[in-house]
Amino acid sequence: MNIVNFTPFAAFTGGVIIGLAVVLFFIGNGRLAGVSGIASNFLTSKINRTDNFLFLIGLIIGPIIFSIFVNNEIPFLITDSFTSIIFAGLLVGIGTKVSGGCTSGHGICGIGRFSLRSIIATITFILTGIVTVSFFG
Amino acid sequence: MNKIISLISGVIFGFGLTVSSMTNPAKVLGFLDLFGQWDPSLIFVMIGAIVVSSPFFFLTRNKTKPLFAQSFSIPEVKTIDTKLIIGSSMFGVGWGSAGLCPGPAISSLALLNNYSLAFIVSMFLGFLLAKVFN
């Protein structure tokens, strides 16, 4: 193991900002900011559809504000083929729906609420992610 | 008011993802490359977010109502079953293949690239296909 490209300060700062969004959404609207849930509910449910839509639009506005006020350069590097991206998207969609959460819903909100279910989900997707990168990365 | 809260929460969330470079798939794959060229940054993102939000979850545990809605919506499911493990594993494999998860994938639409769009379309298809597994 070599440690490379480690940016603890930017990572922690970004995490704190994400945490503020989670807090606002929770104390304001009483909801957990789990993005897979918000996205899939937007697709399949009429309940809170406008709220879900606005949250998702906000996710896209965030980087635009960053590029205007902080730094114009937002790196985005992907080396996968188009086919494997589509395969990955399908797995992420099915997997998060079946397990009820993703990195934000289980990994941040769930762990923040000390949910055992979310802690186990997070350990599982990090471990399977590591295995995938180690064997196929 | 809750509409404005939804939008602002999304904007702040997307801004935070960008500050921490989680919108970059290569950065996320660096975290998962534990046995190669490892970049521990992602764990600091999670710690930052949990440190900020956790006290609020704790402080509001006896509150009956949020500020701008009728009730808190908290998942009632607490069971740890095969669906949780299988679903999380499928998510992990997809996450490790592309370096994209739902939040960063949607935020990176701002960068106008076809990869994020293709990922999101197939993710939405996956949400619908999940009914077969449920």
Side-chain angles (χ1 to χ4, degrees), chain A residues 1-2 4-5 7-8 11-12 14-19 21-25 28-31 35-36 40 51 54-55 58-64 66 75-78 85-86 88-99 102-104 108 112-113 121 124-125 128-130 132-134, chain B residues 2 5-7 9-16 18-20 24-26 32-34 37-39 41 44-45 48-50 52-54 56-57 66-69 72-73 84 87-98 101-103 106-107 109-111 115 119 122-123 126-127 130 133:
Chain A
M1 181 210 294
N2 287 320
V4 294
N5 302 326
T7 52
F12 188 79
V16 166
I17 296 170
I18 293 168
V22 169
V23 169
L24 179 66
F25 200 50
N29 292 357
R31 295 184 55 198
V35 179
S36 65
S40 75
D51 281 276
L54 289 170
F55 187 95
L59 281 180
I60 304 174
I61 298 174
I64 297 173
F66 182 92
F76 184 90
L77 178 64
I78 209 157
I85 290 293
I86 289 166
L90 277 174
L91 283 176
V92 169
I94 298 169
T96 55
K97 186 80 182 177
V98 170
S99 70
C102 59
T103 337
S104 50
I108 294 171
R113 295 170 50 241
T124 307
F125 65 66
T128 47
I130 289 171
T132 306
V133 169
S134 302
Chain B
N2 54 3
I5 297 286
S6 297
L7 180 66
S9 303
V11 172
I12 299 172
F13 199 114
F15 189 84
T18 319
V19 169
S20 56
N24 185 2
L32 296 174
D33 195 12
L34 180 66
Q37 307 289 311
W38 191 43
D39 175 0
S41 303
F44 280 69
V45 181
I50 291 166
V52 171
S53 56
S54 197
F56 285 89
F57 289 130
L67 295 175
F68 308 110
F72 286 101
S73 339
L84 182 73
S88 304
S89 301
M90 289 176 82
F91 169 46
V93 173
W95 191 38
S97 306
C101 55
I106 293 167
S107 277
L109 280 178
L111 309 172
Y115 283 107
F119 181 89
S122 60
M123 179 178 83
F127 290 149
F133 288 78

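Because only heavy atoms are used, hydrogens play no part in the values below, and waters and symmetry mates are left out as well, while side chains stay in. Sequence lines set the chain letters: A, B, ... in the order given, protein chains first and strands last, and positions in each chain run from 1.
Heavy-atom pairs under 4.5 Å with chain B were tallied for A/Gly112, A/Ser104, A/Gly19, A/Ala121; the largest tally goes to A/Gly112. Interface check for chain B: of the options A/Ile78, A/Ile130, A/Val133, A/Leu59, the most heavy-atom pairs under 4.5 Å are formed by A/Leu59. The greatest number of non-hydrogen atom pairs below 4.5 Å with chain A, out of B/Gly14, B/Ser88, B/Ser54, B/Pro66, is found for B/Ser88. Contact count versus chain A (heavy atoms, under 4.5 Å) is highest, among B/Gly94, B/Gly126, B/Ser122, for B/Ser122. Between chain A and the options B/Tyr115, B/Phe56, B/Phe68, heavy-atom pairs under 4.5 Å are most frequent for B/Tyr115. By number of non-hydrogen pairs under 4.5 angstrom with chain B, the leading residue of A/Ile17, A/Ile94, A/Val22 is A/Ile94. Between chain A and the residues B/Ala98, B/Gly87, B/Cys101, the largest count of heavy-atom pairs under 4.5 Å involves B/Gly87. Comparing B/Ser9, B/Gly96, B/Ala26, B/Ser73 by how many heavy-atom pairs each has under 4.5 Å with chain A, the most go to B/Ser9. Heavy-atom pairs under 4.5 Å with chain A were tallied for B/Asn24, B/Ile12, B/Ile106, B/Leu67; the largest tally goes to B/Asn24. Heavy-atom pairs under 4.5 Å with chain B peak, among A/Leu24, A/Asp51, A/Ile64, at A/Asp51. Contact tally against chain B (heavy-atom pairs below 4.5 Å) for A/Ile108, A/Ile60, A/Thr124, A/Ile61: the top residue is A/Ile60. The most heavy-atom pairs under 4.5 Å with chain B, out of A/Ser134, A/Gly14, A/Ala21, A/Gly89, come from A/Gly89.
The shortest heavy-atom contact between B/Met90 and A/Gly95 is CB-CA, 3.9 Å. When all heavy atoms of B/Pro102 and A/Thr96 are compared, the pair lying nearest together is CG-CG2, 4.4 Å. Among all heavy-atom pairs drawn from A/Val92 and B/Trp95, the shortest one is CG2-N, 3.8 Å. The heavy-atom pair separating A/Ile18 from B/Val45 by the smallest distance is CD1-CG1, 3.8 Å. Between B/Ser6 and A/Phe25 the shortest heavy-atom distance is OG-CE1, 3.7 Å.
B/Asn2 contributes no side-chain N or O that, together with a main-chain N or O of A/Asn29, makes up a donor-acceptor pair within less than 3.5 Å. In terms of modelled atom types and a separation under 3.5 Å, the side chain of A/Thr132 and the main chain of B/Ser97 share no donor-acceptor contact. Side chain of B/Ser20 to backbone of A/Ala11: no donor-acceptor contact under 3.5 angstrom is found.
Residue B/Phe72 places its CZ atom among more than 12 non-hydrogen atoms of other residues, nucleotides or ligands, all under 6.0 Å distant.
Atom CE of B/Met123 and atom OG of A/Ser36 lie 8.0 Å apart (nearest 0.5 Å). Within the model, atoms CG of B/Leu84 and CZ of A/Phe125 stand 10.0 Å from one another, a figure rounded to the nearest 0.5 Å. Distance CG/A/Asn5 to CH2/B/Trp38: 13.0 Å, rounded to 0.5 Å.
Contacts between B/Leu111 and chain A at a heavy-atom distance below 4.5 Å involve the side chain alone, from C-beta outward.
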Requested in this report: Verify side chain to side chain contact (heavy atoms under 4.5 Å, CB included) between A/Thr103 and B/Phe91, making sure each step is shown before the conclusion.
Outcome: CA-CA 10 Å; A/Thr103 337; B/Phe91 169 46; 3.5 Å; yes
